[in-house]
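Order of listing sets the numbers, starting from 1, for every ligand and every atom in it.
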Amino acid sequence: MATYLGFDFSTQQVKILATNESLEPIKEVNVHFDSELPQYKTKGGVHIQDDNLTVTAPTEMWVEALDLALKKLKDDGFDFQSVAAISGTGQQHGSVYWLNGASETLCNLNPNNNMHEQLGNCFSVKNSPIWMDSSTKEECSYLEQKVGGGQNLSSITGSRAYERFTGNQIRKIFTKQRDLYDKTERISLVSSFAASLLLGKYANIDYSDGSGMNLLDIKKKLWSFQCTAAVADGLHKKLGEPVSSSTVLGGISDYFVKRYGFNPSCKVIAFTGDNPASLAGCRLQRGDIVVSLGTSDTLMLWLDEPKPALEGHIFVNPVDDNAYMALLCFKNGSLTRERFRDKYAQGSWEKFSEALKATSPRNNGNIGIYFDVQEITPDAVGHFRFNAKDEKVEAFSDVEEIRSLVEGQFLAKRYHAERLGYKLASNSRVLATGGASKNPEILQVLSDVFQAPVYILDTSNSACLGCAYRAKHGLKGGQSLQFSKIFDQAPNYKLAASPIDVTYDVERYGRLQASICK
Ligand SMILES: O=C(CO)[C@@H](O)[C@H](O)CF
């Protein structure tokens, strides 16, 4: 009975999840960086430097965690011989810098020793910049200026310049630590670095995670020469060529065959970023949209004709090279919902829900826009209330305040999703996850605003699970096989809300939002 492994190199841990042939989870192990590798002295898996902008993680820590996780799986009696294919994911945007000559060590690892003892001196940059870094404003401005502005950069790479995006991080090293850059023979993302360890040679960056670098032309699926030339000399050669996310990169390295008992025929499928992997793990299809309702709310959607903009991110789709996915982050999520619960519902979610039931869709024309903290989408902050005549007002009734918050948050999501190319269709489905997805009344508003059924799914392991799915997909045919065909049974979605027939004026929301942005 074949099994598949998904590896997740996330911010706080390395997780390995095994599934059976039917892609049902059968085993899971993890190594938590802070508590199990305390010698690296990380907090939340990272080091925040004194400037409070630079955020890194020790590259060697990730290597050591992989050996530790596989040892846990071995001690648990897992049958590595059964593994037909593996794939994995890494926190997006992070980067790894392999020292000149490192490839020789990588392909000749001694299975009697830990990897990190052998690879510890193979990184020119010992502390990898990661997605929480925001120290590259200067590099972002430079790149946008070199390619003709933020919208041009977004049209090429799917995003305007963002501090955490890899190209800008590489430029920072090229301009400020040129000696380290010159000693670097290969630059990986966290995802392709992890794949390289398991492959025993440098793994290609995949199209989907590569879309988070401000370097990949997402239409041509090639490095944009305009961007790579603007970032650093000789960058193209250090990146290697990008590949489809379902590419069979090769067989597993002999180190793992001898040290853990993997089958030499086990194939390594391209690794990708955590958000693309989650899209695969949610089994997202055309017309679907994932709404994750957490501290910050995020939207992931499947797109066929993306419209890259100055907000949000468009990535090449991880399971279909000819499609795309979009990621939108909304910083004001559950903390704002909790503040309204406390202020207008006496701290009770039951009363919060009663308020939603006591008010009607569209809230008599009242719209609220509440950005307690600087919002990402759009770039604005403050509280704004409008009555049915679009006049600014100071307050609504308590129950109207609650509905105006929830409707406003979901109208924003639909408005920005449509700006990126999302088209509501008869087969549209909203897949809700995260804390607030446990509240039926909030999901009813979500369903009404999107005019689509809302399903809830447990996505706690979506990134890792998505990689086990992608391992089987890559092995069984990759791009020549529709991703949904690899599943034996229907997804475990549970219908939570169906829309009542109501039409929300999304464009009106857009006009009011535009009026409050500077
Ligand atoms: O920066 C992000 C996406 O653009 C985060 O979701 C990271 O991928 C988390 F690892």
Side-chain angles (χ1 to χ4, degrees), residues 6-15 30 32-33 42 44-46 48 53-57 61-62 65 88-96 128-136 140 153-154 157-169 188-194 205-216 218 245 271-282 290-301 306 308-318 324-331 333 376-377 416 420 433-434 459-464 466-467:
F7 292 74
D8 183 6
F9 284 67
S10 65
T11 310
Q12 304 197 31
Q13 61 180 345
V14 165
K15 189 187 285 187
N30 76 319
H32 189 259
F33 302 133
T42 54
V46 307
I48 299 178
L53 295 171
T54 305
V55 185
T56 61
M61 176 180 75
W62 295 335
T89 181
Q91 50 179 301
Q92 286 193 262
H93 318 301
S95 45
V96 172
S128 289
I130 66 152
W131 67 278
M132 293 165 65
D133 185 286
S134 51
S135 66
T136 59
C140 286
L153 183 61
S154 182
T157 69
S159 301
R160 66 172 171 78
Y162 284 88
E163 287 84 356
R164 67 187 191 278
F165 275 44
T166 324
N168 307 301
Q169 294 292 336
S188 299
L189 291 175
V190 176
S191 57
S192 57
F193 147 80
I205 290 173
D206 76 299
Y207 295 152
S208 199
D209 205 12
S211 306
M213 301 172 78
N214 278 151
L215 294 175
L216 186 78
I218 58 170
S245 309
F271 282 33
T272 191
D274 59 325
N275 293 292
S278 280
L279 178 139
C282 294
V290 176
V291 180
S292 175
L293 299 169
T295 308
S296 55
D297 292 346
T298 51
L299 237 59
M300 273 195 306
L301 39 141
L310 290 176
E311 69 218 3
H313 314 291
I314 307 276
F315 304 136
V316 176
N317 191 293
Y324 296 85
M325 67 171 281
L327 183 72
L328 276 163
C329 302
F330 300 84
K331 207 167 196 178
I376 296 172
T377 314
H416 288 286
L420 285 182
T433 184
T459 58
S460 48
N461 266 332
S462 62
C464 231
C467 294

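- Within 6.0 Å of CD1 in I48 there are 12 or fewer heavy atoms belonging to other residues, nucleotides or ligands.
- Near H93, the atoms of ligand 1 lying under 4.0 angstrom from a non-hydrogen atom of the residue are 1 (O), 2 (C), 3 (C), 4 (O).
- Below 4.0 Å from some heavy atom of R164 lie the following atoms of ligand 1, by number and element: 1 (O), 2 (C), 3 (C), 4 (O).
- You'll find the side chain of P318 reaches within 4.5 Å of the side chain of L279, heavy atoms only.
- Ring orientation note: the planes of F9 and F193 are nearly perpendicular, at an angle over 60° on the 30°/60° scale.
- The one candidate from W131, Y324, F165 that meets the ring-ring contact (aromatic ring centres under 6.0 Å, His included) condition with H313 is F165.
- With D274, L327, T298 as candidates, the residue nearest to atom 10 (F) of ligand 1 on a non-hydrogen basis is D274.
- The single protein non-hydrogen atom nearest to atom 6 (O) of ligand 1 is N275 ND2, 3.0 Å, given as residue, atom name and distance.
- Here is the list of ligand 1 atoms found below 4.0 Å of a heavy atom in Q91: 10 (F).
- When each of I130, N214, D133 is checked for a side chain to side chain contact (heavy atoms under 4.5 Å, CB included) with Q169, only D133 meets the rule.
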